[in-house]
Amino acid sequence: MIWHKQWIFGNWKMNGNLADNAVLLQQLAKINHDHALVGIATPFPYLSQAVDLLKNSQIIVGSQDCSSFAEKGAYTGEVSATMIKNCGAKFVLIGHSERRTYFNEQNQILRKKIDNALACDLIPILCVGETLEQRQARQETAVVGKQLTVLQGLSVNHIAVAYEPVWAIGTGEVATATQIEHMHAFIHREILSILGENVTIRTLYGGSVNANNAADILSIDKVNGALVGGASLKADAFSAIIANAQTE
Ligand code: PGA
């Protein structure tokens, strides 16, 4: 069932503290969101707090990354997919552009993270997107196509991908409806050719989604949801975005 709703997922990035989170999570827990799947990606230290405070809601909790190492061991600072799962999380963002930019994450490492997430039954949400320079050079589909090759050979029935043009993240600049529609159609086609015609796909758009533009974005063909950064830190804004999720 979750694979046939629109997904509205929040990405807190490196924000929050126990006191502020508690207020926000209690507000989120009251939101009516039966028509959509709602998720929150918190920093690692707050996973258990979020799972606990959302336990009477249907909102799912996830992390923003996981280790590429599968087994426990001497990997100082790393957090395994198994640990994330153990905290009650249900999904993990993989390859967010900030991870690609600041930590130089590329397909080889990202594939290990995807495999680790799947091995412990976490839903990986693969984030893809081009930079401004790449779009200006008309390389956006080539870039996203290459990022999607990380899925080659995966054996899955369902896959979730977030298209986040890097130039639209945190900038207030949203891709146009035409740009979003073209890229989402391209991503769907690519995934079907990589994973087979029977795979169920969720493609989320991310990049400056807010209460005012959510309705337009969520009604674009093949936009199956939104990945929301800044606006997910405010209950009112996030709730308004959720209210605009379409029933598919
Ligand atoms: P933004 O971030 O909504 O603040 O642009 C989106 C994201 O990075 O997932």
Side-chain angles (χ1 to χ4, degrees), residues 6-16 20-21 24 28 31 36-44 46-47 50 59-66 89-105 110 113-114 117 122-132 134-135 140 143-144 147-148 159-177 179-180 183-184 187 202-218 220 223-245:
Q6 279 200 329
W7 290 13
I8 309 295
F9 278 35
N11 173 12
W12 284 5
K13 309 193 180 187
M14 198 170 77
N15 290 291
D20 291 350
N21 300 347
L24 177 55
L28 296 182
I31 297 173
L37 176 68
V38 178
I40 305 287
T42 74
F44 293 128
Y46 304 136
L47 283 174
I59 298 176
I60 63 174
V61 174
S63 65
Q64 302 164 16
D65 183 33
C66 69
K90 299 273 195 287
F91 71 94
V92 48
L93 304 182
I94 304 278
H96 188 281
S97 68
E98 287 148 18
R99 304 287 321 165
R100 294 178 191 263
T101 303
Y102 300 126
F103 304 95
N104 197 28
E105 292 190 359
L110 295 175
K113 295 185 178 205
I114 292 171
L122 285 170
I123 301 170
I125 302 179
L126 175 68
C127 303
V128 298
E130 81 287 354
T131 63
L132 186 58
Q134 289 164 337
R135 181 163 280 272
E140 65 273 12
V143 168
V144 170
Q147 292 170 339
L148 290 172
I159 196 76
V161 170
Y163 169 55
E164 300 198 302
V166 178
W167 46 275
I169 296 178
T171 58
E173 191 175 342
V174 185
T176 66
Q179 289 170 330
I180 297 174
M183 187 58 88
H184 279 242
I187 292 171
R202 295 287 84 182
T203 44
L204 282 53
Y205 171 78
S208 298
V209 177
N210 60 38
N212 298 325
N213 60 27
D216 288 342
I217 292 170
L218 291 168
I220 297 170
V223 171
N224 310 122
L227 182 56
V228 184
S232 73
L233 296 168
K234 296 178 216 105
D236 294 359
F238 197 52
S239 163
I241 295 168
I242 294 167
N244 281 300

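Worth saying up front: this structure is predicted, and the values here are computed from it rather than measured. Remember, it's 1-based here, ligands and their atoms both numbered in the order they're listed. Below, all heavy atoms of this structure are taken into account, side chains as well, without hydrogens, waters or symmetry copies.
Residues passing the side-chain contact (heavy atoms from CB on, under 4.5 Å) test with A240 are A211, sequence neighbours excluded. In terms of the salt bridge (charged side-chain N to carboxylate O under 4.0 Å, His left out) criterion, residue partners of E105 (sequence neighbours excluded) are, by chain and number, R99, K113. K90 pairs by the side-chain hydrogen bond (donor to acceptor under 3.5 Å, both in side chains) definition with nothing, not counting sequence neighbours.
Residues of the protein with a heavy atom under 4.0 Å from ligand 1 are N11, K13, H96, E164, A168, I169, G170, G207, S208, L227, V228, G229, G230, listed by chain and number.
A donor-acceptor pair is defined here as one N or O able to donate and one able to accept, closer than 3.5 Å; no such pair exists between the side chain of D216 and the backbone of N213.
Put simply, the side chain of L93 reaches to within 4.5 Å of the side chain of N11, judged on heavy atoms.
Defined by atom type and a distance below 3.5 Å, a donor-acceptor pair is present between the side-chain atoms of E130 and Y163.
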